[in-house]
Amino acid sequence: QEQTISKTEAQRISAEKVSADAKQTLSRQQLQMQELRRRLEEAELETSKYKDLTSRYQTDRLDMKKRMKEKVETIRRQDDSMAQREKNTAEMKQRIRKLEDNLEWMRKEKESMSQELSDARKQAEDDRKKLEN
């Protein structure tokens, strides 16, 4: 009987040791689980930050692309406008040259007519004097 009690006592002690070991293992695993959850939360937070950064980067990139496109369009319009102004300026210079040439021709024509008129007056004066004599 005593042997059975000793055996039972040994089994109880052994069971308590196994139970204590199991509790200790469970406690360690719970701590590990908490640590893993904490690290998972940190990783999720980091991932969220990177997603946010990526999203902002893409938005900024699209905005910059849009602004660049608008600037290119503005420059193209300015180039077109400048080309038109240069064309208009060239046309105006050509018209001014033609008007200057025409003015010079008119001055010469006026000078020639003035000379003819002067000659005609002198001739008329000479003819009048001859008629008086």
Side-chain angles (χ1 to χ4, degrees):
Q1 178 119 14
E2 207 165 293
Q3 191 178 13
T4 306
I5 293 176
S6 292
K7 197 176 185 184
T8 306
E9 184 64 23
Q11 287 175 340
R12 185 188 62 76
I13 292 172
S14 177
E16 284 178 357
K17 185 175 189 287
V18 169
S19 176
D21 288 347
K23 285 180 182 178
Q24 193 175 22
T25 301
L26 180 62
S27 178
R28 269 196 319 268
Q29 287 177 346
Q30 286 175 339
L31 288 174
Q32 287 174 344
M33 185 68 108
Q34 287 174 352
E35 177 64 16
L36 287 173
R37 283 187 180 136
R38 186 189 61 76
R39 289 171 59 191
L40 176 63
E41 287 175 6
E42 286 176 359
E44 286 174 343
L45 183 63
E46 194 73 17
T47 301
S48 176
K49 286 179 186 177
Y50 284 125
K51 282 182 182 179
D52 184 49
L53 284 173
T54 302
S55 175
R56 280 190 279 154
Y57 168 77
Q58 288 174 338
T59 301
D60 290 350
R61 186 176 154 267
L62 289 174
D63 287 346
M64 188 179 353
K65 192 174 182 181
K66 181 181 174 186
R67 284 193 307 267
M68 286 176 65
K69 200 173 194 179
E70 289 170 354
K71 286 181 182 181
V72 166
E73 182 61 26
T74 300
I75 290 169
R76 188 195 60 75
R77 277 187 263 121
Q78 288 173 344
D79 283 348
D80 290 349
S81 178
M82 188 174 281
Q84 185 61 41
R85 284 186 195 132
E86 287 174 357
K87 180 181 174 191
N88 290 347
T89 300
E91 288 173 358
M92 291 300 284
K93 285 181 179 179
Q94 186 177 4
R95 286 177 60 192
I96 288 170
R97 272 188 245 115
K98 284 182 180 180
L99 288 171
E100 286 173 342
D101 291 346
N102 195 19
L103 181 61
E104 184 61 27
W105 177 84
M106 289 179 151
R107 282 185 187 140
K108 288 180 181 177
E109 195 64 26
K110 177 185 171 196
E111 192 177 304
S112 174
M113 290 179 149
S114 292
Q115 187 62 43
E116 285 179 28
L117 181 60
S118 178
D119 290 348
R121 284 185 179 153
K122 187 175 180 188
Q123 185 64 44
E125 183 62 29
D126 288 348
D127 289 345
R128 187 185 58 75
K129 284 182 183 178
K130 284 182 184 175
L131 284 176
E132 283 180 4
N133 288 335

Legend entry - Distance (rounded to the nearest 0.5 Å) between S6 OG and Q11 CD: 11.0 Å
Inset, instruction - Determine, for E125 against R128, whether the closest basic-nitrogen to carboxylate-oxygen distance falls under 4.0 angstrom. - result: yes
Legend entry - Check: D79 and I75 side chains under 4.5 Å, non-hydrogen atoms: yes
Inset, instruction - Could you tell me whether D126 and K122 have a side-chain N and a carboxylate O separated by less than 4.0 Å? - result: no
Inset, instruction - Hey, could you give me the CD/NZ distance between Q78 and K71, rounded to the nearest 0.5 Å? - result: 11.5 Å
Legend entry - Lys/Arg-Asp/Glu bridge criterion (N-O < 4.0 Å) met for E41, R37: no
Legend entry - Audit row: I13, E9, side-chain contact (heavy atoms from CB on, under 4.5 Å) steps and yes/no: CA-CA 6 Å; I13 292 172; E9 184 64 23; 3.8 Å; yes
Legend entry - S114 backbone acceptor or donor facing S118 side chain under 3.5 Å: no
Inset, instruction - Count the heavy atoms of every other residue, nucleotide or ligand shown that sit under 6.0 Å from CZ of R121, and state whether that count exceeds 12. - result: no
Legend entry - Close side-chain approach of K7 and Q3, heavy atoms under 4.5 Å: no
Inset, instruction - Using a 4.5 Å cut-off on heavy atoms from C-beta on, say whether the side chain of W105 contacts that of N102. - result: yes
Inset, instruction - Supply the atom-to-atom distance L40 CG to L36 CG, rounded to the nearest 0.5 angstrom. - result: 8.5 Å
Inset, instruction - Determine whether more than 12 heavy atoms belonging to other residues, nucleotides or ligands lie under 6.0 Å from atom CD of E109. - result: yes
Inset, instruction - State the CD-CG distance between Q94 and L99, to the nearest 0.5 angstrom. - result: 11.0 Å
Inset, instruction - Answer yes or no: is there a side-chain heavy-atom contact under 4.5 Å between R28 and Q24? - result: yes
Legend entry - Result of checking K110, E104, M106 against K108 for side chain to side chain contact (heavy atoms under 4.5 Å, CB included): E104
Legend entry - Whether over 12 other heavy atoms sit under 6.0 Å from E46 CD: yes
Legend entry - Spatial distance of atom CD1 (I96) from atom CE (M92) [nearest 0.5 Å]: 5.5 Å
Legend entry - Q58 vs T54 side-chain heavy atoms within contact, under 4.5 Å: yes
Inset, instruction - Kindly indicate, with the supporting measurements, whether the criterion salt bridge (charged side-chain N to carboxylate O under 4.0 Å, His left out) is fulfilled by E73 and K69. - result: CA-CA 6 Å; E73 182 61 26; K69 200 173 194 179; over 6 Å; no
Inset, instruction - Go through R56 and D52 one step at a time and tell me if the salt bridge (charged side-chain N to carboxylate O under 4.0 Å, His left out) criterion holds. - result: CA-CA 6 Å; R56 280 190 279 154; D52 184 49; 3.0 Å; yes
Legend entry - Sidechain-backbone polar pair: S48 side chain, E44 backbone, donor-acceptor under 3.5 Å: no
Legend entry - Over 12 foreign heavy atoms within 6.0 Å of CZ, R76: yes
Inset, instruction - Kindly say whether K51 contributes a backbone atom to a donor-acceptor pair with the side chain of S55 at under 3.5 angstrom? - result: no
Inset, instruction - Taking T74 for its side chain and E70 for its backbone only, find out whether a donor-acceptor pair lies under 3.5 Å. - result: yes
Legend entry - Salt bridge present between R95 and E91 (N-O < 4.0 angstrom): no
Legend entry - Side chains of Q123 and D119, donor plus acceptor under 3.5 Å: no
Inset, instruction - Without swapping roles, check the side chain of T47 against the backbone of A43 for a donor-acceptor pair under 3.5 Å. - result: yes
Inset, instruction - Check for a donor-acceptor pair, side chain of T89 on one end and backbone N or O of R85 on the other, with a separation under 3.5 Å. - result: yes
